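Below: one structure, written as structure tokens.
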Amino acid sequence: MDTIRVMLVDDNTELRAAISERLETESDLLVCAECGNGAEALLELEKQPVDVIVLDIIMPQMDGYSFLEELKTRCAASQAEPPKVIVTSSLNRDDLILRAMNLGACYYMVKPFDPDRLIARIRDVSGLTQGAGTPYHPSPSASAAQSDRAPTMDERLSSLFLTIGIPAHIKGYHYLREAVKMTVANPDIINRITKELYPGVAHRFSTSPSKVERAIRHAIEVAWSRGRIEVLNKAFGCQVVTKEDKPTNGEFIAMIADKLTLERKSVS
């Protein structure tokens, strides 16, 4: 299988590192460059070829739109085939989506997004997963329609966990996600964590409650060891945890479940 060379362009270093870490678990994806703005990305493109660029819109020095304009100009002048571009942004407005598509973007993904969905889009736009070698070029209306929805709970959890440093390949990541979803559905279950919550997650993954407890603990310890606690505080809009004050499994699950519940209520 051919390797897809990916460049990440985003001024959020924590998110960029989390996405890079997830992509590198895929044997057909290679993160060949990480840049904090469009100007850095243009310089990097002069050094090496890239197949797909994952591009944020709001960045210092040179934003995503300016980068797309300059990339289009340079490729036209050199008659080179431009890399495929997937735009990512927390802004979900039709005019912004249309502008990105008119400047050559293949997809517009609204943050937060499920990293697995990003991986699927990277493979799509690269053309390496399409029949007869035909690149995948969604229409602006299709891309706009894709972005015009709220992220699912799984997507929200995936984005949050990866951003704070819980990698997707460890078991605790999946156990935590299931535990939070169960707690959102039945908040009182957090008070019966050993009798109902752990056994419920264990049943879902065909394992034991004790292994679920240990794996969740390990996932939380990994996040704290990576020092991305401020990212979690930013997500909550206030300081809910500190480096020295590591929460218990139950406290962490309840904290994330409460946030998701409040988000769902504000949307509805």
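If you're wondering where the values come from, they're calculated on a predicted model, not measured in any experiment. Side chains are part of it too, since the values below use all heavy atoms of this structure and drop only hydrogens, waters and symmetry mates. Residues: numbered from 1 along the sequence shown.
Salt bridge status for K111 with D10: present, with a side-chain N to carboxylate O gap under 4.0 Å. A salt bridge between R16 and D11 is absent, with no side-chain N of the basic residue lying under 4.0 Å from a carboxylate O of the acidic one. Between E69 and R99 a salt bridge is recorded (basic side-chain N to carboxylate O distance below 4.0 Å). Using a 4.0 Å cut-off between charged side-chain N and carboxylate O, D51 and R5 make a salt bridge.
S78 places a side-chain N or O within 3.5 Å of a backbone atom of R74 that can act as its donor or acceptor partner. Judged by distance alone, the side chain of E24 and the main-chain N or O of E21 form no donor-acceptor pair under 3.5 Å.
The two residues M182 and E196 have their closest heavy-atom pair at CE-O, 4.5 Å. Residues H174 and F205 share a closest heavy-atom pair of O-CZ, 3.7 Å. C32 approaches V50 most closely through the heavy-atom pair SG-CG2, 3.8 Å. Contact between F67 and A41 at its shortest, heavy atoms only, is CE1-CB, 3.6 Å. When all heavy atoms of N37 and P60 are compared, the closest pair comes out as CB-O, 3.1 Å. Closest approach of M59 to G36, counting heavy atoms only: SD-O, 3.9 Å.
The shortest distance between side-chain heavy atoms of L29 and I122 falls below 4.5 Å. Considering only heavy atoms from C-beta on, I253 comes within 4.5 Å of L197 through its side chain. Side chains of K84 and S126 form no contact here, defined as non-hydrogen atoms less than 4.5 Å apart. Proximity of V9 to E40: side-chain heavy atoms (C-beta onward) are nowhere separated by under 4.5 Å. Here the side chains of L45 and L71 are in contact, with some heavy-atom distance below 4.5 Å. In this structure, the side chains of Y108 and I86 stay at 4.5 Å or more apart for every pair of heavy atoms. Side-chain atoms of P199 and H203, non-hydrogen and from C-beta on, never get closer than 4.5 Å to each other. Taking 4.5 Å as the limit, every side-chain heavy atom of D28 sits out of range of all side-chain heavy atoms of D2.
Among T207, V180, I170, the single residue meeting the side chain to side chain contact (heavy atoms under 4.5 Å, CB included) criterion with Y175 is T207.
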Check the pair E213 / R217 against salt bridge (Lys or Arg N to Asp or Glu O under 4.0 Å), numbers first and verdict last.
-> CA-CA 6 Å; E213 180 179 12; R217 191 70 214 151; over 6 Å; no
Step-by-step side chain to side chain contact (heavy atoms under 4.5 Å, CB included) determination, L118 to I19 | CA-CA 9 Å; L118 174 62; I19 294 174; 3.8 Å; yes
Worked check of side chain to side chain contact (heavy atoms under 4.5 Å, CB included) between E81 and C75 = CA-CA 7 Å; E81 180 70 20; C75 289; over 6 Å; no
Determine, step by step, whether N249 and Y198 satisfy the side chain to side chain donor-acceptor pair (under 3.5 Å) criterion, reporting the C-alpha distance in whole Å, the side-chain angles of both residues, the deciding distance to 0.1 Å, and the verdict.
-> CA-CA 10 Å; N249 287 7; Y198 290 153; 3.0 Å; yes
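Distance check: N12 CG to D56 CG gives 8.0 Å after rounding to the nearest 0.5 Å. Once rounded to the nearest 0.5 Å, the distance linking NE2 of H218 with OG of S225 reads 8.5 Å. Residue R121 holds its CZ atom at 6.0 Å from CE of M109, rounded to the nearest 0.5 Å. Taking CE of M101 as the reference point, atom CG of L68 lies at 10.5 Å (rounded to 0.5 Å). Rounding to the nearest 0.5 Å places CG of L55 at 8.5 Å from CG of D63. Distance check, rounded to the nearest 0.5 Å: CG of L23 to CG of L8 gives 6.0 Å.
Tracing side-chain contacts under 4.5 Å through hydrophobic residues (I, L, V, M, F, W, Y), one reaches M7 starting from L42; they form part of the same cluster. Using a 4.5 Å cut-off between side-chain heavy atoms of Ile, Leu, Val, Met, Phe, Trp and Tyr, with links allowed through other members, L103 and I58 fall into the same hydrophobic cluster. Hydrophobic cluster membership differs between L30 and I119, with clusters built from Ile, Leu, Val, Met, Phe, Trp and Tyr side chains linked at under 4.5 angstrom.
With hydrogens and angles left out, the side-chain atoms of T261 and D258 include no donor and acceptor closer than 3.5 Å.
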Can you give each donor-acceptor pair under 3.5 Å made by side-chain atoms of residues 184-191, sequence neighbours left out, with the distance rounded to 0.1 Å?
unit_1	atom_1	unit_2	atom_2	d
D188	OD1	N191	ND2	3.0
D188	OD2	R192	NH1	2.5

